[in-house]
There are 2 protein chains.
Amino acid sequence: MTTGIRHDEMRKRNRALVIAAVRRADQPSRTEIARLTGLSHSTISAIASDLIEEGIMREIGQGEAAPARRGRPQVALGLDPEAATVVCLHLSFNSLSAVLVDYCGRVIDTGTHHLSTLALSRQALLDAAVSAVREIACGREGFLRIAFAVQGITDAAGRQMLWSPITPHSDIAFGPELEAAFGVPVTVQNDCNMIAAALRWRNPERYRDNFIALLLSQGIGMGLMLNGQLFTGTHSSAGEFGHMIHRPDGALCRCGRRGCIEAYAGNYAIWRKAHGKSAMEKPIADIKAGEMEALAATARRGDGPARQAFREAAEAIGIGIGSLFALIDPAPVAMVGQGTAAFDILEPEIRAALAQTAGGQHADDVSFETWPDEVPFIQQGCAMTALTGLDWEVFGPGLRPGAGGRKPEDGRVVA
Amino acid sequence: MTTGIRHDEMRKRNRALVIAAVRRADQPSRTEIARLTGLSHSTISAIASDLIEEGIMREIGQGEAAPARRGRPQVALGLDPEAATVVCLHLSFNSLSAVLVDYCGRVIDTGTHHLSTLALSRQALLDAAVSAVREIACGREGFLRIAFAVQGITDAAGRQMLWSPITPHSDIAFGPELEAAFGVPVTVQNDCNMIAAALRWRNPERYRDNFIALLLSQGIGMGLMLNGQLFTGTHSSAGEFGHMIHRPDGALCRCGRRGCIEAYAGNYAIWRKAHGKSAMEKPIADIKAGEMEALAATARRGDGPARQAFREAAEAIGIGIGSLFALIDPAPVAMVGQGTAAFDILEPEIRAALAQTAGGQHADDVSFETWPDEVPFIQQGCAMTALTGLDWEVFGPGLRPGAGGRKPEDGRVVA
DNA sequence: TTCTTTTTTTCGAGGCTCGAAAAAATGAGC
DNA sequence: GCTCATTTTTTCGAGCCTCGAAAAAAAGAA
């Protein structure tokens with residue numbers, strides 16, 4: 001907060017706060033909103049009637065579980081699903097999926113396209129994104145946002161994809177391209193960050209201020225929530241857990257460097273090791289889930305190269321988590337993705353490695369949760385990102401006149 | 001911002017904002033404050049006259065560099081040095097220093113005590129802190145805060161020291177003890193975090209939102225600024241860069257584990273290696289600066305064990321920075337402390353190691369700044385932490401009546 | 001039908017920031 | 001030395017916003 005608060009801003013923020021409360025809570029009454037926000041009943045009443053009149057919120061009669069108490073019954077409030085729609089895109093290896101979501105977060109329609117991401121030109125990828133949006137939104141009244149999740153590194157501003165294992169091209173400006181095509185704000189974000197956003201949304205009890213989402217699949221991705229905010233770096237989406245160095249001058253990584261965690265724990269690394277190949281052998285782009293499952297089955301049967309491969313993967317992950325914990329303290333970890341299918345093999349070794357690190361002092365206390373399918377998380381993360389963006393940037397401020405206002409100039413105040 | 005804004009809060013925050021602007025800028029006029037904060041002249045005028053009346057601010061006549069323009073001359077404003085004083089404590093190996101600072105941040109008095117921290121009992125350490133404060137504040141009107149910097153791990157709440165290499169005792173509750181003794185708020189913080197705070201204060205151009213302060217000395221400490229905020233973990237001060245794993249099952253660290261960065265880059269590690277000792281030999285608590293300087297001189301003369309020791313230290317630091325950059329993106333780095341005396345030897349090797357990592361893609365662009373003496377930074381960081389704490393928590397809110405106000409209850413709104 | 005209880009709305013009070021205008025304080029020009 | 005121009009600071013009324021208290025609304029209980 002480096003800038004002064006003016007009067008209109010107070011209203012805007014309190015409006016946004018009410019919207020956020022309604023989105024979070026399950027059809028709260030005005031009284032409950034007052035309790036959640038700390039604002040007075042009168043204020044909530046005023047803001048609510050504004051929002052209802054503007055078609056952002058609506059009354060939903062008595063809440064389901066009407067407690068049939070005495071007194072005047074509470075009137076449940078909910079966001080108006082027709083207030084807006086948003087489009088979520090998800091680009092991953094050989095696949096591009098689109099989802100249309102209403103203002104309440106309910107899925108209206110979905111569509112998936114298969115394409116050869118490694119072979120497509122830069123322009124073909126951009127075109128594919130545009131036509132996926134066009135197809136899902138076809139004939140429907142205008143959507144207000146696009147949230148685009150990509151498997152790869154994005155820039156911190158959420159404008160483009162900087163690098164991805166799914167295509168040889170870099171710096172693909174999906175943001176500007178889609179904005180030009182549809183005239184709505186677009187955010188481009190790392191898929192793992194969307195997973196983290198979804199986890200927080202689904203289970204704020206467990207995933208609140210500091211937690212880690214690890215995506216175990218061909219590569220190793222991470223979404224990091226610090227102090228309740230998705231962590232991104234100065235330039236990029238950052239959080240490249242998979243490319244922290246596990247063993248200096250170690251195994252060859254997909255990124256071309258050596259010794260990265262991913263070079264031990266990615267699918268290709270496990271496959272390479274289990275098949276007795278050299279650690280310097282060029283990584284394979286895509287190893288099928290079935291093949292990994294077969295390796296896991298072999299490993300479960302007893303010691304051998306497969307078992308050793310998973311052991312090394314677990315060690316890399318465990319030590320990496322330990323180093324991360326040294327930096328940010330132990331925090332809940334969610335493991336997501338196909339790689340979690342072998343988590344029964346990995347877990348003991350991960351814990352053993354973690355226990356050797358400073359961050360893993362209480363390795364037994366660290367709890368892992370696993371989810372084999374990352375796709376629903378990515379989709380929900382995109383949806384909630386786009387919708388809460390609308391809440392705070394569009395419907396909170398509203399479009400009342402006189403919203404100009406001054407901005408403080410350079411040399412901002414540092415607190 | 002999970003809670004609604006009420007009217008009085010708006011004033012409080014704008015007041016605090018004005019105070020912050022005056023602290024930041026060099027004796028700004030009301031007009032300049034308006035520009036910096038984005039608030040209107042009328043508001044600044046009103047707030048300024050309040051603050052002056054309350055003895056928090058004062059007019060300082062014309063600013064030094066009076067530009068002698070036409071019009072009514074600006075009236076420079078400054079914080080009233082007599083508005084408050086704060087005490088800064090700094091506990092490190094065998095040393096406890098205290099500084100009394102006025103509300104403008106000027107040092108009023110300093111004092112240093114030598115003590116055998118490794119030998120003292122828990123209570124003796126607590127007593128030493130209390131008497132250091134008593135001595136520095138003796139006879140002077142009451143100070144309003146104590147900021148305590150310790151070499152070691154503190155808890156995230158800033159209440160106590162959890163662990164430190166300077167004493168065998170753990171969980172020493174300096175915060176409660178000092179608060180009980182003096183009845184003022186106390187914050188206990190990691191010394192490296194204070195270094196980071198000071199860097200930001202001294203050079204916000206370079207050290208603004210994301211940067212790293214590394215303390216190279218007996219051990220390796222880090223202060224991490226992320227998104228303009230000092231990073232602390234959920235439980236502890238975190239940021240234990242020195243205990244990230246450099247080589248699994250590697251050299252013995254002071255913390256009892258193996259392969260930590262510190263076990264290669266701390267003074268004891270360099271000394272151990274340079275003297276041809278085993279990497280598993282028990283670390284030495286304190287190696288004198290002169291001895292390290294001698295080792296560096298030997299290393300400068302040519303290849304040999306000393307040179308190799310510095311080389312391994314640099315590699316550990318470089319790869320560690322690379323892993324950190326993979327997580328948070330490249331950021332400015334400040335190296336502080338006695339260990340920087342050998343930075344001429346370390347730098348090329350650090351850059352070489354960094355260049356091999358994913359985070360060090362543009363290793364040549366990364367800039368390092370070195371400062372051999374960490375003490376002034378720690379002191380200034382403490383002072384600014386205590387003073388800005390006063391600004392926002394005491395003088396901003398003020399003590400006008402009716403400040404009660406409601407608080408939102410549980411189930412806070414998640415944005 | 002009346003009383004009790006709870007939710008929601010209404011209404012006036014009090015605060016805050018803002019813009020415009022006035023006041024203050026100086027240099028420039030003659 | 002006086003007046004005018006220029007810039008800073010203060011004053012003042014308008015417009016919002018939130019708040020508390022009271023009123024209104026909407027039910028169950030008796």
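Atoms considered below: every heavy atom in the structure, side chains included; atoms not considered: hydrogens, waters and symmetry mates. Below, chains carry the letters A, B, ... as their sequence lines are ordered, and counting in each starts from 1.
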With the side chain of B/Arg72 defined as its heavy atoms from C-beta on, choose the nearest nucleotide among D/dT9, C/dT5, C/dA28.
-> D/dT9

How many Å lie between NZ on A/Lys12 and P on D/dC16, as a whole number?
-> 13 Å

Kindly say if B/Ser42 contacts the phosphate of D/dT10, meaning a side-chain N or O under 4.0 Å from OP1 or OP2.
-> no

Does a nitrogen or oxygen in the side chain of A/Asn14 sit under 4.0 Å from OP1 or OP2 of D/dT18?
-> yes

Separation of atom CD1 in A/Ile47 from atom P in D/dC17, rounded to whole Å | 9 Å

Nearest-nucleotide check on DNA chain C, A/Ser49 vs A/Gly71; residue mapping nearer the 5' end is A/Gly71

To the nearest Å, how far apart are B/Glu9 CD and C/dG14 P?
-> 21 Å

Nucleotide D/dT8, atom P - distance to CD1 of B/Ile33 in whole Å | 13 Å

Could you state the atom-to-atom distance from CD1 of A/Ile60 to P of C/dT7 in whole Å?
-> 18 Å

Expected output: side-chain B/Arg159 to main-chain B/Val186 donor-acceptor under 3.5 Å = yes

What nucleotide among D/dT10, C/dT9, D/dC19 has an atom nearest to a side-chain atom of A/His41?
-> C/dT9

Where the side chain of A/Ser40 is defined as all heavy atoms beyond and including C-beta, which of C/dT7, D/dG20, C/dT17 is the nearest nucleotide?
-> D/dG20

Taking A/Asn227 for its side chain and A/Gln229 for its backbone only, find out whether a donor-acceptor pair lies under 3.5 Å.
-> no

Give the rounded distance in Å between these two atoms: CZ of A/Arg30 and P of D/dA26.
-> 12 Å

Selected nucleotide, minimal atom distance to A/Met10 side chain, candidates C/dT7, D/dC17, C/dT26 | D/dC17

For the side chain of B/Ser45, starting at C-beta, report the closest nucleotide among C/dG27, D/dT18, D/dT9.
-> D/dT9

With a cut-off of under 6.0 Å to the ring centre and 45° to the axis, is A/Arg24 in cation-pi contact with A/Trp201?
-> yes

Minimum-distance nucleotide (side-chain atoms of B/Pro73 versus D/dC19, C/dA25, C/dT7) | C/dA25

Separation of B/Arg11 atom CZ from D/dT18 atom C1', in whole Å?
-> 16 Å

What is the distance from CD of A/Glu59 to P of C/dT7, rounded to the nearest Å?
-> 15 Å

Side-chain heavy atoms of A/Met10 within contact of B/Glu9, under 4.5 Å = no

Do any N or O atoms from the side chain of B/Arg15 and from the backbone of B/Ile47 form a donor-acceptor pair under 3.5 angstrom?
-> no

The residue, A/Arg70 or A/Ser29, whose nearest nucleotide of DNA chain C is more 5′ is A/Arg70

Where each residue is assigned the nucleotide of DNA chain D containing its nearest heavy atom, which of B/Ala48 and A/Thr43 is assigned the position nearer the 5′ end?
-> B/Ala48

